[in-house]
Amino acid sequence: MRFLVVGGAGYIGSQMVRHLLQANHEVVVADTTRPRYDIEWVGLDIADADALDTLFSLYRFDAVFHFASYIQVGESVSKPGKYYRNNVAATLVLLEAMVRAQVMCLIFSSTAAVYGDPQRIPIDEQHPKLAINPYGRSKWMVEQILEDFDRAYGLRSVCLRYFNAAGADPHGEGGECHEPETHLIPLILQAAAGRREAVTVFGRDYDTPDGTCIRDYVHIADLASAHALAVVYLLEGGASTAFNLGNGQGFSVQQVIDMAREVTGRDIQVVDAPRRAGDPPRLVADAGKAREVLGWRPVHDSLEEIVRHAWHWEQKYPWH
Ligand code: UDP
């Protein structure tokens, strides 16, 4: 099979590329950034319809994986235009180019942020979509656009709603590297490595056992395997749908810090701060649908392993 991976230079996209290459697929990456690994790369912005038409005329793809988007909740609140332009409008350009080229299968990176403040835990796919920030709304808008594109053109899609993507490639080939970094686990590990003074805990007054926020951390290698199953599902004629991807287990910020202390054997300084705007107290997935329909079985589902792989990556790449 030949796949286009849009956003294949990023944290999760590059893990997907490694997964597809290991399975002997042909892969082309389209990204504004050059990937850090050796791959056929087309430097383009998906907002550029002409560049997409050229790309689709050069290769015949069986399906497209779309990972390219802005992902910072806080920034989406202060710069909504940036999020709607990149995450929604540019995706629309991609979808129209796919229809012109008759590439009719898409795997789309969505997010648990489409649900907003949970009304029940664990969250299944039927949970109301009441996103509370432009990031979550931008992803939900694309999901709705995808339903319309299926009805109008027969473009079939699987939307994968990630909970907290975490960890690093089990073989040390890649990991998290956002600039600026805003995610909990890499920030904790940077503090452990001495690359930052301390990690900040946003809020200890939540209605949770230890007062800190609870999240469902899911390993990027398990996310990649879910995408691979999703594309098989689509190529075998499966109907457009959405799946939650999470382990169904919640860990608090404090538990993650404690685990990082155990894994690294380092002292990690902690500073307390007020709640971060837009953070629900608890997000835990019901991913039963992905297990049942796709046969998805996460294999790196312990917090210890997630943190250990992330720590290995942090140490393998002493960036500064
Ligand atoms: N968090 C924190 N300190 C940080 C970064 C994050 O306490 O420096 C908390 C945040 O409030 C949330 C959890 O860690 O409850 C996970 O946040 P992250 O940004 O990693 O992912 P998100 O849940 O926003 O997708």
Side-chain angles (χ1 to χ4, degrees), residues 10-12 67 69-78 83 87 109-118 121-123 131-140 160-168 175-193 195-220 222-223 244-261 268-285 287 303 306-307 309-311 313-314:
Y11 172 45
I12 307 170
F67 293 92
S69 75
Y70 292 132
I71 57 163
Q72 287 183 46
V73 168
E75 187 188 49
S76 81
V77 175
S78 58
Y83 278 69
N87 295 6
S109 299
S110 188
T111 170
V114 300
Y115 299 115
D117 282 327
I121 296 285
I123 301 171
I132 53 171
N133 51 60
Y135 169 65
R137 274 192 283 276
S138 73
K139 293 287 185 175
W140 178 234
L160 297 174
R161 298 180 187 145
Y162 312 157
F163 280 65
N164 284 62
E176 206 159 0
C177 179
H178 296 112
E179 200 50 65
E181 189 52 74
T182 61
H183 292 106
L184 182 66
I185 293 178
L187 289 172
I188 293 173
L189 296 178
Q190 287 175 14
R195 289 213 288 133
R196 87 180 41 237
E197 288 271 299
V199 62
T200 306
V201 173
F202 294 136
R204 287 195 180 270
D205 57 349
Y206 285 98
D207 185 16
T208 59
D210 65 23
T212 63
C213 278
I214 290 176
R215 293 289 179 273
D216 183 339
Y217 296 91
V218 53
H219 198 291
I220 54 167
D222 288 328
L223 290 181
N244 284 341
L245 297 181
N247 288 316
Q249 239 189 316
F251 293 96
S252 71
V253 171
Q254 186 58 52
Q255 285 177 309
V256 178
I257 293 170
D258 292 343
M259 179 59 76
R261 286 185 172 136
I268 298 169
Q269 299 299 314
V270 170
V271 173
D272 290 343
R275 294 181 180 196
R276 189 174 68 176
D279 270 341
R282 197 187 288 256
L283 286 176
V284 179
L303 181 63
I306 288 172
V307 173
H309 288 164
W311 178 233
W313 168 250
E314 166 67 37

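Predicted model, so just to flag it, every value in this text is computed and none were measured. When a residue number appears, it is its place in the shown sequence, counting from 1. Every number for a ligand or one of its atoms is a count from 1 in the order of the listing.
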>> Could you work out, with ring-ring contact (aromatic ring centres under 6.0 Å, His included) as the rule, every residue matching Tyr115, not counting sequence neighbours?
In response: His127

>> Between Glu75 and Tyr83, is there a side-chain donor-acceptor contact under 3.5 Å, judged purely by atom types and distance?
In response: yes

>> Donor-acceptor check, side chain of Asp272 to backbone of Val201, threshold 3.5 angstrom: yes or no?
In response: no

> Short question: side chain of Asp216, backbone of Asn247 - any donor-acceptor pair under 3.5 Å?
Replying inline: yes

>> Going by side-chain contact (heavy atoms from CB on, under 4.5 Å), Leu160 matches just one of Thr111, Asn244, Leu245, Ile12. Which one?
In response: Leu245

>> I'd like the residue list for ligand 1, meaning every protein residue with a non-hydrogen atom under 4.0 Å from the ligand.
In response: Asn164, Thr182, His183, Leu184, Leu187, Thr200, Val201, Phe202, Cys213, Arg215, Tyr217, Val253, Arg276, Asp279

> Does Glu181 pair with Arg196 as a salt bridge, N-O distance under 4.0 Å?
Replying inline: no

